[in-house]
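Worksheet for the structure shown next.
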Amino acid sequence: MHDFIHTTHPQRVVFGAGSLRHLAREIDALGAKKALVLCTPEQRPQAERVAASLGAQAAGLFDRAVMHVPVETAREARDLARRLGADCAVALGGGSTTGLGKAIALESGLPIVAIPTTYAGSEMTPIYGLTENGLKKTGKDPRVLPRTVIYDPELSRTLPVGLSVTSGINAIAHAAEGLYAQDSNPVMDLMAEEGIAALARALPAIRVQPDDLAARSDALYGAWLCGGVLGAVGMALHHKLCHTLGGSFNLPHAEVHTVVLPHALAFNAQAAPRAMARIARALGCVSAPAAVFALARDNGAPVALKDIGMRAADLDRAADIAVANPYWNPRPFGPAERDAIRALLQRAFDGEPPG
């Protein structure tokens, strides 16, 4: 028998190749007049084209979005939006840019139009994160949920293959943990399995032909579904570890998710057999942890923390931080499980197959 609560978040999604052309229309639909365009330094040329296409609707451009949203950067962007009189923000890019838009919305309430160019999924969630004094803090607030999301697969055709794979596995992580979340429900389970399957089809095809529009569309579709799961139900061990490693040790976001996910799934496998069966079915395999590890390895993604900037000397501190304030998880990982978490991190550091 089913027994669950499901909350639907109010949000408009515009999906399809070439849908960026609808941006001005979507800003009008929000009742907004002046948009601050946000991006990373690397995406400034693309953001300049977007701002130019808006003409008088563009209030200006802020190009200093970075990983994990340092609180100082968020304040700088908020101040600029206020000075320019912006009444909405357009976040062009991946999780870093979307996160910056959320930081602006958290204080000002400005509506966000998100235009994802990676598969991070942050655009589908009311979850925000800010890093201050070396610690990443996350929270939920309906004000930060982008009001409109424009998914245009054309914009991801030039996303490097390596980042496509890690970003896609990052999205898979949202769906995988959603399947064993404390507040999971049948609707999210369907979305999670379909999202994982779509990304599992898309990523190998993108590696073979990076500009394959059908594969890019499949990947973005999968990312949308996985992001929807992230926004609707709670996350567990995997996300706690990634928040710890990313926020406290400044590791690259998508890569750390890619490396950690197989090991987090292995840790939870016996405590969440139904979730593992659905993940395995979506991946077309027997073992969910082994299949995620192979998906990363076989498509050229990193599988070891030591290869993405983690120092062996920091593993003990990472384990201590992770167990000090644990998220709910099907297998508890509080202070009593500290040695098991430390062993998990060691396997992830060395790039060993999941235990």
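Judged purely by atom type and a 3.5 angstrom limit, R331 uses its side chain to pair as donor or acceptor with the backbone of F267.
Other residues sharing a hydrophobic cluster with I104 under the 4.5 Å side-chain heavy-atom criterion for ILVMFWY residues are L36, L38, F62, L80, L84, L100, L110. Its side chain outside the 4.5 Å cluster rule for every partner, W328 clusters with none of the Ile, Leu, Val, Met, Phe, Trp and Tyr residues.
Contact annotation: the side chain of Y119 approaches that of S164 to within less than 4.5 Å [non-hydrogen atoms, C-beta and beyond].
Ring centroid separation for the pair H263 and H238 does not come in under the 6.0 Å cut-off. Between H243 and H68, the ring centre distance reaches or exceeds 6.0 Å.
A salt bridge does not link R347 to E352: none of the charged side-chain nitrogens sits closer than 4.0 Å to a carboxylate oxygen. Between E107 and R82 there is a salt bridge, since at least one side-chain N of the basic residue sits less than 4.0 Å from a carboxylate O of the acidic one. The residues R216 and D152 are annotated as not salt-bridged, no charged nitrogen and carboxylate oxygen being separated by less than 4.0 angstrom. Salt bridge status for D339 with R342: absent, with no side-chain N to carboxylate O gap under 4.0 Å.
Note: F15 and Y221 have perpendicular aromatic rings, judged against thresholds of 30 and 60 degrees for the angle between ring planes.
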Determine all donor-acceptor pairs shorter than 3.5 Å in which one atom belongs to a side chain in residues 140-151; sequence neighbours excluded.
| from | atom 1 | to | atom 2 | distance (Å) |
| --- | --- | --- | --- | --- |
| D141 | OD1 | R143 | N | 2.9 |
| D141 | OD1 | R143 | NE | 3.1 |
| D141 | OD2 | R143 | NE | 3.4 |
| D141 | OD2 | R143 | NH2 | 3.0 |
| R143 | NH1 | L106 | O | 3.0 |
| R143 | NH2 | L106 | O | 3.1 |
| Y151 | OH | E123 | OE2 | 2.6 |

Sequence neighbours left out, cut at 3.5 Å: what donor-acceptor pairs do the side chains of residues 283-300 make with other protein atoms?
| from | atom 1 | to | atom 2 | distance (Å) |
| --- | --- | --- | --- | --- |
| S287 | OG | A290 | N | 3.3 |
| N299 | ND2 | L295 | O | 2.9 |

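Heavy atoms only, all atoms of each residue included: L237 and N329 are closest at N-OD1, 3.1 Å.
By the salt bridge (Lys or Arg N to Asp or Glu O under 4.0 Å) test, R21 pairs with no residue at all, sequence neighbours left out. Remark: D63 pairs with C39, R44, L61 by the side chain to side chain contact (heavy atoms under 4.5 Å, CB included) rule, at least two apart or across chains.
If you run side chain to side chain contact (heavy atoms under 4.5 Å, CB included) between L179 and each of V229, D189, V233, only D189 comes through.
Around atom CZ of R281, more than 12 heavy atoms belonging to other residues, nucleotides or ligands sit under 6.0 Å away.
To the nearest 0.5 Å, the span separating OG on S156 from CG on L213 amounts to 8.0 Å.
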